Amino acid sequence: MKMFQKQTKHGKLLLLMFLIAFSYSYLNAQSKTNKTAKISTRPFGDGVRHWYNIKDKNNIVDPVPNQPRYDESDYTNIANNMLIFQRDNGGWPKNYDMRAILTSEQISKVINTKNILHTTFDNATTYTHLYYLAQVYTATKIEKYKDAFLKGVDFVLDAQYTNGGWPQYYPLENNYSRYITFNDGAYMGIMGLLQKVIGNNSNFSFLDEVEKAKVRKAYNKGLECILNMQIINQGKLTAWCQQHNEVDLSPAWARAFEPPSICNGESAPIVLFLMSIDNPSEKIIKAIQSAIKWFEDSKIYNTKIETFDIEAFESKFKTVNHDRRVVIDSTAPPIWTRYYELGTSKPLFCDRNSKYLYSMAEVSVERRNGYAWYTYAPQDVLEKYNEWQIKWAPSNNVLKQ
């Protein structure tokens with residue numbers, strides 16, 4: 001009996017040692033996984049480039065020399081930065097690096113401006129922060145990230161106009177930022193987030209049906225507004241402007257060099273979004289077909305854009321050290337201008353004096369170099385059209401008309 005008791009104790013000891021060793025190995029593996037797992041910060045790239053490379057007197061804080069940055073795998077500290085920058089209304093200011101390891105002085109300045117409600121969707125702001133926070137909460141179950149996410153969703157829903165559109169900034173300001181804004185992906189970034197929330201994206205499984213119902217309502221209104229803004233030009237349904245009037249939905253001016261026009265660069269992601277919708281309505285199908293026909297008809301052939309170095313000079317915004325020119329090349333793929341004139345459908349350019357121009361060569365060096373006047377974005381849409389058309393509009397291929 002004593003021998004049996006000794007063996008039993010020995011067995012328990014071995015089992016205990018095994019469990020300790022297993023637990024250590026498991027926790028160590030989990031720790032390594034957490035250190036190597038990454039949640040992409042690529043969606044913040046535009047704001048990061050602006051913070052480091054463009055002078056802006058309105059910045060809350062500027063980067064310090066050789067600003068240190070968190071590794072992309074350090075997603076809780078990156079998320080903590082987002083909480084620092086989130087304003088009291090749930091939105092975010094634009095053009096900062098969420099991976100920056102902020103100094104105590106920088107943190108203090110940001111926190112002291114939380115009540116300044118200059119919050120925006122411009123330059124991939126707010127909707128990108130929300131998706132990131134949802135992913136971090138899903139990975140960690142830390143409540144503060146969920147709370148910040150829900151506060152941000154309320155901001156998005158509050159910012160929506162009754163007609164379904166979104167301004168560039170909210171609360172509303174007395175300038176062009178009041179307009180419904182496709183420029184720089186603002187509107188479609190919001191719609192993409194809402195689409196994920198009401199879809200089967202696992203990062204939003206923590207939301208209850210009440211919250212999802214509110215998001216679904218906003219999504220449906222946003223979709224209807226997109227369809228209602230599509231431009232009729234010369235009697236034909238075409239594409240969209242970068243920004244539309246928030247009341248009558250007409251194409252509108254934004255900055256001095258951004259005229260009301262048909263904007264192919266910003267219209268391409270709109271069409272891709274519409275093409276992603278299963279079982280599209282007849283209205284959605286018509287919108288896609290019309291935009292596809294417009295993209296095909298507005299192609300420019302035998303043209304490419306060449307960038308070359310020039311003697312550097314300082315503009316108000318940055319150092320300019322290269323220029324661009326149009327080159328005739330019979331081997332070049334089709335290209336599109338950013339803007340097409342309403343009424344004439346001619347390629348359109350502009351400058352800081354708001355004068356209409358009809359070639360890139362007429363634009364000043366600073367704007368010619370500092371703005372994307374040509375785009376290949378519609379080509380991606382055209383390449384995806386055949387598969388979409390066979391599935392959803394098999395009897396009507398507009399590219400063969």
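Throughout, residue positions are numbered sequentially from 1 according to the sequence presented. As the structure is a computational prediction, the values presented were derived from the model and not from experiment.
- Considering only residues two or more places apart in sequence or on other chains, K299 meets the side chain to side chain donor-acceptor pair (under 3.5 Å) condition with E296.
- For the atom pair CZ of R255 and OH of Y371, the computed distance is 5.5 Å after rounding to the nearest 0.5 Å.
- Between the Q234 side chain and the G343 main chain, a donor and an acceptor come within less than 3.5 Å of each other.
- Environment of CD in E105: sparse, with no more than 12 heavy atoms of neighbouring residues, nucleotides or ligands closer than 6.0 Å.
- Taking NZ of K293 as the reference point, atom OG of S290 lies at 10.0 Å (rounded to 0.5 Å).
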Contacts table for residues 189-196: side-chain donor-acceptor under 3.5 angstrom, sequence neighbours left out:
| residue | atom | partner | partner atom | Å |
| --- | --- | --- | --- | --- |
| Q195 | NE2 | S276 | OG | 3.4 |

Test side-chain contact (heavy atoms from CB on, under 4.5 Å) applied to L348 and T337, step by step | CA-CA 7 Å; L348 179 65; T337 49; over 6 Å; no
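- Proximity of a side-chain donor or acceptor of N369 to a complementary backbone N or O of V365 within less than 3.5 Å is not detected.
- In terms of heavy atoms, T375 sits closest to A377 at OG1-N, 2.9 Å.
- Partners of P269 according to the side-chain contact (heavy atoms from CB on, under 4.5 Å) rule, which considers only residues two or more places apart in sequence or in another chain, do not exist here.
- Considering only residues two or more places apart in sequence or on other chains, Y169 meets the ring pair (Phe, Tyr, Trp, His ring centres under 6.0 Å) condition with H118.
- Side-chain atoms of S108 never come within 3.5 Å of backbone atoms of S104 as a donor-acceptor pair (strictly under, hydrogens ignored).
- The shortest non-hydrogen separation linking I288 to W388 is CD1-CZ2, 3.4 Å.
- Counting only distance, with no hydrogens or angles, the side chain of Q243 and the backbone of N183 share no donor-acceptor pair below 3.5 Å.
- Comment: K212 does not engage D208 in a salt bridge, judged by the lack of any side-chain N to carboxylate O separation of less than 4.0 angstrom.
- For the side-chain hydrogen bond (donor to acceptor under 3.5 Å, both in side chains) condition, the pairs that include at least one residue of residues 350-359, sequence neighbours left out, are E341-Y358, D351-S364, R352-E366, S359-E362.
- Cation-pi contact between R324 and F308: absent, since separation from the ring centre below 6.0 Å together with deviation from the ring axis within 45° is not met.
- Annotation: side-chain contact (heavy atoms from CB on, under 4.5 Å) contacts of N228 (sequence neighbours excluded): E224, L249, K283.
- The heavy-atom pair separating A332 from K304 by the smallest distance is CB-CB, 4.2 Å.
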Run the side chain to side chain donor-acceptor pair (under 3.5 Å) check on H50 and D56 step by step: do they pass?
-> CA-CA 9 Å; H50 275 77; D56 188 344; over 6 Å; no
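- N123 contributes atom CG, which lies 9.5 Å from atom CZ of R49 (distance to the nearest 0.5 angstrom).
- Inter-residue side-chain proximity for I116 and I60 is flagged as unmet; no heavy-atom pair is nearer than 4.5 Å.
- What you find for C350 and W253 is that their closest heavy atoms are SG-CH2, 3.9 Å.
- Expressed to the nearest 0.5 Å, how far CD1 of I292 lies from CG of N386 amounts to 10.5 Å.
- Take E143 and apply the side chain to side chain donor-acceptor pair (under 3.5 Å) test, not counting sequence neighbours, and it matches Y137.
- Using a distance-only test at 3.5 Å, with no hydrogens or angles considered, a donor-acceptor pair links the side chain of S261 to the main chain of P259.
- Between N264 and W294, the side chains place a donor N or O and an acceptor N or O closer than 3.5 Å (distance only, hydrogens not considered).
- Within 6.0 Å of NZ in K114 there are more than 12 heavy atoms belonging to other residues, nucleotides or ligands.
- Side-chain atoms of T128 do not come within 3.5 Å of backbone N or O of F44 as any donor-acceptor pair.
- Judged as a ring pair (Phe, Tyr, Trp, His ring centres under 6.0 Å), and not counting sequence neighbours, the contacts of F349 are W373, Y374.
- For the pair S250 (side chain) and N245 (backbone), a donor-acceptor distance under 3.5 Å is absent.
- Around NZ of K316, the count of heavy atoms belonging to other residues, nucleotides or ligands within 6.0 Å does not exceed 12.
- One N or O on the side chain of N80 and one on the backbone of T76 form a donor-acceptor pair closer than 3.5 Å.
- Side-chain atoms of Q168 and Y176 include no donor-acceptor pair closer than 3.5 Å.
- At distances below 3.5 Å, not a single donor-acceptor pair connects side-chain atoms of Y219 with backbone N or O atoms of V197.
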Compile the donor-acceptor pairs under 3.5 Å between side chains in residues 147-157 and protein atoms, sequence neighbours left out, one pair per line.
| residue | atom | partner | partner atom | Å |
| --- | --- | --- | --- | --- |
| K151 | NZ | D88 | O | 3.2 |

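- A side-chain N or O of D97 and one of Y52 form a donor-acceptor pair less than 3.5 Å apart.
- For the atom pair CD (Q242) and CD (E266), the distance works out to 5.0 Å, reported to the nearest 0.5 Å.
- Checking side-chain atoms of Q230 against main-chain N and O of I226 turns up no donor-acceptor pair under 3.5 Å.
- Relative to the six-membered ring of F257, R367 meets both conditions, a distance below 6.0 Å and an angle of at most 45° to the axis.
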Please lay out, stage by stage, how Y131 and F204 fare under the test side-chain contact (heavy atoms from CB on, under 4.5 Å).
-> CA-CA 9 Å; Y131 186 43; F204 302 99; 3.5 Å; yes
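- For N200, the CG atom is loosely surrounded, since the number of other residues' heavy atoms within 6.0 Å does not exceed 12.
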Could you give me the CA-CA distance, side-chain angles and deciding distance for E314 and K55, then say whether salt bridge (Lys or Arg N to Asp or Glu O under 4.0 Å) is met?
-> CA-CA 11 Å; E314 292 294 325; K55 294 174 283 188; 3.5 Å; yes
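- Every residue meeting the side-chain contact (heavy atoms from CB on, under 4.5 Å) condition with A312, not counting sequence neighbours, appears here in chain and number order: T319, N321.
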Going through the checks in order, is the side chain to side chain donor-acceptor pair (under 3.5 Å) test met by Q401 and N396?
-> CA-CA 9 Å; Q401 294 176 1; N396 185 17; 2.7 Å; yes
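- For the residue pair T303 / D329, no side-chain donor-acceptor distance below 3.5 Å is found, with atom types taken as modelled.
- Counting only heavy atoms from C-beta outward, the side chains of P251 and I231 approach each other to under 4.5 Å.
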Apply the test ring-ring contact (aromatic ring centres under 6.0 Å, His included) to residues F121 and Y127: give CA-CA distance (whole Å), side-chain angles for both, the deciding distance (0.1 Å), then the verdict.
-> CA-CA 7 Å; F121 304 109; Y127 58 88; 7.1 Å; no
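- Applying the ring pair (Phe, Tyr, Trp, His ring centres under 6.0 Å) test to W92 and every residue at least two apart in sequence or in another chain returns H129.
- Partners of E311 by salt bridge (charged side-chain N to carboxylate O under 4.0 Å, His left out), not counting sequence neighbours: none found.
- Taking a 6.0 Å sphere around NZ of K286, one finds it holds 12 or fewer heavy atoms contributed by other residues, nucleotides or ligands.
- One finds the OG1 atom of T138 at 13.0 Å from the OH atom of Y145 (value rounded to the nearest 0.5 Å).
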